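Below is one structure; the comments refer to it alone.
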Amino acid sequence: MINLTHSAVNAIKSAISSSTHPTGGLRVMIEPGGCNGFKYKMGLVEEPNPDDAVIECDGLKVFVDNKSREHLIGTTIDFVMALEGSGFTFHNPNATANCSCGKSFG
């Protein structure tokens with residue numbers, strides 16, 4: 001359903017190891033908003049919600065809620081380091097339009 005690049009896995013594992021809160025995995029979700037209608041949201045959480053899909057990527061657990069699942073099928077999340085800044089990028093084959101910020105889609 002969701003793929004994480006090696007770079008993304010390393011960045012997330014680093015964030016988990018430096019977190020002061022118990023962390024069971026990464027929540028990835030879609031919310032209304034952004035430049036093109038939907039925006040990506042990610043965060044470390046302690047455990048999945050009862051209706052979450054749980055995906056394992058290189059020993060890392062990713063939690064996706066039912067509403068976001070259909071929008072995220074086939075998405076690849078990467079962590080990119082560049083001169084203009086570092087951060088996560090999303091390659092979503094379901095998006096018909098993407099914002100130049102890389103954080104929203106339509």
Side-chain angles (χ1 to χ4, degrees):
M1 173 198 282
I2 292 179
N3 302 302
L4 298 175
T5 66
H6 185 68
S7 180
V9 169
N10 287 341
I12 296 163
K13 285 182 176 180
S14 177
I16 289 172
S17 68
S18 64
S19 176
T20 58
H21 301 288
T23 302
L26 175 74
R27 175 170 308 289
V28 179
M29 59 190 304
I30 301 299
E31 291 184 337
C35 306
N36 283 310
F38 294 103
K39 61 183 176 180
Y40 300 104
K41 186 172 180 184
M42 294 177 23
L44 300 177
V45 295
E46 190 171 344
E47 59 188 42
N49 291 330
D51 66 338
D52 284 347
V54 179
I55 302 152
E56 290 261 348
C57 295
D58 278 339
L60 179 67
K61 291 184 181 178
V62 179
F63 310 134
V64 181
D65 65 83
N66 277 333
K67 293 181 207 171
S68 301
R69 199 172 299 158
E70 70 182 79
H71 297 290
L72 292 170
I73 294 171
T75 298
T76 298
I77 301 172
D78 192 11
F79 184 79
V80 178
M81 294 176 57
L83 290 175
E84 57 275 352
S86 302
F88 290 96
T89 61
F90 298 81
H91 174 68
N92 187 339
N94 305 301
T96 56
N98 291 302
C99 181
S100 62
C101 72
K103 306 293 183 217
S104 69
F105 70 98

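Since the structure is predicted, the reported quantities are computational estimates derived from the model, not experimental observations.
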Task: Partner set under side-chain hydrogen bond (donor to acceptor under 3.5 Å, both in side chains) for N10, not counting sequence neighbours - done: H6
- [ ] Give a yes or no on whether F88 and M1 share a hydrophobic cluster (residues Ile, Leu, Val, Met, Phe, Trp, Tyr; joining criterion: side-chain heavy atoms under 4.5 Å apart).
- [x] yes
Open item on the list: If you define the side chain from C-beta out and look only at heavy atoms, does anything of N94 sit under 4.5 Å from E70?
Closed with: no
- [ ] From the options D58, V28, I12, select the one residue that forms a side chain to side chain contact (heavy atoms under 4.5 Å, CB included) with L4.
- [x] I12
Task: Side chains of M42 and R27 in contact at under 4.5 Å (non-hydrogen atoms) - done: no
Task: V62-I16 co-clustered via ILVMFWY side chain contacts under 4.5 Å - done: yes
TODO: Give a yes or no on whether the backbone of G87 and the side-chain of T89 come within a donor-acceptor separation of less than 3.5 Å.
DONE: no
Open item on the list: Using 0.5 Å steps for rounding, measure from the CE atom of M29 to the NZ atom of K39.
Closed with: 10.0 Å
Open item on the list: So for atom NZ, which belongs to K41, do other residues, nucleotides or ligands contribute more than 12 heavy atoms lying within a distance under 6.0 Å?
Closed with: no
Open item on the list: Using side-chain heavy atoms (C-beta onward) and a distance below 4.5 Å, is D65 in contact with N49?
Closed with: no
- [ ] Can you measure from OH (Y40) to OG (S68) and round to the nearest 0.5 angstrom?
- [x] 10.5 Å
TODO: Give a yes or no on whether V45 and I2 share a hydrophobic cluster (residues Ile, Leu, Val, Met, Phe, Trp, Tyr; joining criterion: side-chain heavy atoms under 4.5 Å apart).
DONE: no
Task: Same apolar cluster (I L V M F W Y, side chains within < 4.5 Å links), I73/V54 - done: no
Using atom types as modelled, flag every donor-acceptor pair under 3.5 Å from a side chain in residues 75-83 to any protein atom, sequence neighbours excluded.
| from | atom 1 | to | atom 2 | distance (Å) |
| --- | --- | --- | --- | --- |
| T75 | OG1 | L72 | O | 3.0 |
| T75 | OG1 | N92 | OD1 | 3.4 |
| D78 | OD1 | T5 | OG1 | 2.6 |

Open item on the list: I'd like to check L26 versus L44 (side-chain heavy atoms, cut-off strictly below 4.5 Å). Are they in contact?
Closed with: yes
Task: Separation of R69 CZ from I30 CD1 (nearest 0.5 Å) - done: 13.0 Å
Task: Heavy-atom side-chain proximity of H91 to N3 below 4.5 angstrom - done: no
Task: Considering all heavy atoms, the nearest P93-G74 contact - done: CD-O, 3.4 Å
Open item on the list: For the CD atom of E47 and the NZ atom of K61, what is their distance to the nearest 0.5 Å?
Closed with: 10.5 Å
